[in-house]
Amino acid sequence: LTEIGINMKVKEGWVKVRVPWIQDDQLGNPVWWNEVCAWTVEQFGLPGEKFTFYPTEDYMDFVFKHSEDAIYFKLRWI
């Protein structure tokens, strides 16, 4: 296992894509995160088999089993 943060472990060979929180409204709420999460579940299913995620206070890491899926996600959201 490869450690990617405190108490977060990812299987070797999985690919991490880090997405920083983007704050669009005046209250500092990340207003587009429902779109990111809904799109990810629509494309890859529920977290577990193809991907998982780890939110922190500064970003969210999406970790994909296949590099092709990570590239597809990154092209859409980064």
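We number each residue from 1, following the sequence as shown.
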Exercise. Nearest 0.5 Å please: distance from the CH2 atom of Trp14 over to the OG1 atom of Thr52.
Key: 7.0 Å

Quiz prompt | Point-to-point distance, once rounded to the nearest 0.5 Å, from OG1 of Thr40 to CZ of Phe51 | solution = 6.0 Å

Quiz prompt | Partner residues of Tyr72 under the ring-ring contact (aromatic ring centres under 6.0 Å, His included) criterion, sequence neighbours left out | solution = Trp39

Quiz item: Can you tell if the side chain of Met60 reaches within under 4.5 Å of the side chain of Trp33, non-hydrogen atoms only?
Solution: yes

Quiz item: Quick one: NZ on Lys74 to CZ on Phe64, what's the gap to the nearest 0.5 Å?
Solution: 11.5 Å

Self-check item: side-chain contact (heavy atoms from CB on, under 4.5 Å) between Phe53 and Val19, worked out
Solution: CA-CA 10 Å; Phe53 63 94; Val19 181; over 6 Å; no

Quiz item: Are any of the side-chain heavy atoms of Val41 and Leu46 separated by less than 4.5 Å?
Solution: yes

Quiz prompt | By side chain to side chain contact (heavy atoms under 4.5 Å, CB included) - contacts of Pro20 (at least two apart) | solution = none

Practice problem: Look up atom OH in Tyr54 and atom NZ in Lys16, then write down how far apart they are to the nearest 0.5 Å. | Solution: 10.5 Å

Self-check item: Atom of Lys65, atom of Glu49 and distance for their closest heavy-atom approach
Solution: CD-O, 3.6 Å

Self-check item: From CZ (Phe62) to CZ (Arg18), nearest 0.5 Å
Solution: 12.5 Å

